[in-house]
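The model shown is predicted, which means the values in this text are computed figures rather than measured ones.
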Amino acid sequence: MTYEPMMVPGPRPNRTLRTVLIVVGALLAVCCVVGTCVGLWLYRSVKDSVEPVRAATTAFLDDVQSGNYPGAYAQLCDRVRDTMTQEDFARVQGAQLKVRSYEITGVNVSNYNGRVTATAHVEAVQEVTGAQFSQVMTLVKENDEWRVCR
């Protein structure tokens, strides 16, 4: 009779490194997806709060630039309209040098104790002199509309 040795399985290969790398890769992928979603949500919420301020500032400046002083006066906040008549506003705006072009370079919105305000930073060029100047316009939210409150 012949003796046949018993087959003993060899040691199992160590796959710990592969498992760790798969788990780390999956966690990294999940973090990237969550980070992208949070970033998009944050971008959209900031854009939604800033765009109405930018639009109100643009509408006001366009009315002043075109000489539509009654339209610009209507976009002022109650506090300013209470202290200045429409005729006074038109006279003051008519006496100033005209603006050839402007650019809104920044908008900040803040909420302090429930009072929502905003500032718009404007870079403008005067028509006659070509001089450049900066102006910060203050806006307040009245009756769910943004109003210029200088």
Side-chain angles (χ1 to χ4, degrees), residues 11-150:
R12 291 184 61 197
N14 191 357
R15 294 189 177 138
T16 306
L17 179 62
R18 185 177 73 171
T19 304
V20 168
L21 289 176
I22 289 172
V23 170
V24 168
L27 286 174
L28 186 61
V30 168
C31 288
C32 288
V33 169
V34 169
T36 301
C37 291
V38 169
L40 285 173
W41 173 79
L42 185 62
Y43 171 76
R44 286 182 180 164
S45 66
V46 168
K47 184 178 177 187
D48 290 345
S49 67
V50 168
E51 281 304 313
V53 175
R54 186 179 296 276
T57 305
T58 300
F60 177 80
L61 291 172
D62 286 347
D63 283 344
V64 170
Q65 189 176 17
S66 68
N68 180 12
Y69 301 130
Y73 182 80
Q75 296 175 45
L76 292 174
C77 69
D78 290 338
R79 184 174 54 89
V80 173
R81 285 187 290 179
D82 288 344
T83 60
M84 181 183 293
T85 66
Q86 183 174 339
E87 293 78 23
D88 290 339
F89 177 77
R91 187 175 66 253
V92 168
Q93 293 300 318
Q96 294 182 2
L97 292 175
K98 300 284 184 195
V99 172
R100 177 187 332 148
S101 64
Y102 68 88
E103 179 184 1
I104 300 172
T105 58
V107 175
N108 296 316
V109 178
S110 64
N111 184 343
Y112 185 72
N113 289 337
R115 185 167 185 259
V116 182
T117 61
T119 56
H121 300 266
V122 180
E123 299 287 330
V125 178
Q126 290 180 338
E127 190 173 79
V128 176
T129 63
Q132 295 182 347
F133 64 96
S134 298
Q135 184 174 1
V136 176
M137 302 183 74
T138 304
L139 291 91
V140 296
K141 199 165 193 177
E142 293 177 348
N143 301 323
D144 290 334
E145 289 184 8
W146 285 102
R147 303 246 181 218
V148 175
C149 211
R150 294 199 182 220

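More than 12 heavy atoms of other residues, nucleotides or ligands sit less than 6.0 Å from atom CD of Q96. When the shell of 6.0 Å around CZ of R100 is examined, it contains more than 12 heavy atoms from other residues, nucleotides or ligands.
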Worksheet item: Are V64 and V99 close enough, and set up right, to give a side chain to side chain contact (heavy atoms under 4.5 Å, CB included), and what steps lead you there?
Response: CA-CA 9 Å; V64 170; V99 172; over 6 Å; no

Worksheet item: Does the side chain to side chain donor-acceptor pair (under 3.5 Å) test come out yes or no for Y73 and D88, once each step is laid out?
Response: CA-CA 10 Å; Y73 182 80; D88 290 339; over 6 Å; no

Item to complete: For V53 and K141, run side chain to side chain contact (heavy atoms under 4.5 Å, CB included): C-alpha distance rounded to whole Å, both residues' side-chain angles, the deciding distance at 0.1 Å, then the answer.
Response: CA-CA 9 Å; V53 175; K141 199 165 193 177; over 6 Å; no

Item to complete: Let me see the working for N108 and H121 under side chain to side chain contact (heavy atoms under 4.5 Å, CB included), right down to the final yes or no.
Response: CA-CA 9 Å; N108 296 316; H121 300 266; 3.6 Å; yes

Practice prompt. Decide side chain to side chain contact (heavy atoms under 4.5 Å, CB included) for V116 and W146; before the verdict, give the C-alpha distance in whole Å, the side-chain angles of both, and the deciding distance to 0.1 Å.
Written response: CA-CA 10 Å; V116 182; W146 285 102; 3.3 Å; yes

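Between G71 and D63, the closest heavy-atom pair is C-OD2, 3.4 Å. Here the closest non-hydrogen pair linking F89 and Y69 is CE2-O, 3.6 Å. Taking all atoms of both residues into account, the shortest heavy-atom contact from V122 to T57 is CG2-CG2, 4.3 Å. Closest approach of G130 to V125, counting heavy atoms only: O-CG1, 3.7 Å. The minimum heavy-atom distance between E142 and C77, with the atom names listed, is OE2-CB, 3.4 Å. Nearest heavy-atom pair, L76 versus R147, reported as atom, atom and distance to 0.1 Å: O-CD, 3.4 Å.
Salt-bridge check for R81 with D78: passed, with a basic side-chain N closer than 4.0 Å to an acidic carboxylate O.
Using a 4.5 Å cut-off on side-chain heavy atoms (C-beta onward), V30 and C32 make no contact. You'll find the side chain of Y102 stays beyond 4.5 Å of the side chain of Q135, heavy atoms only.
The CG atom of L139 sits 9.5 Å away from the CD atom of Q75 when rounded to the nearest 0.5 Å.
A donor-acceptor contact shorter than 3.5 Å is absent between the side chain of E127 and the backbone of K98.
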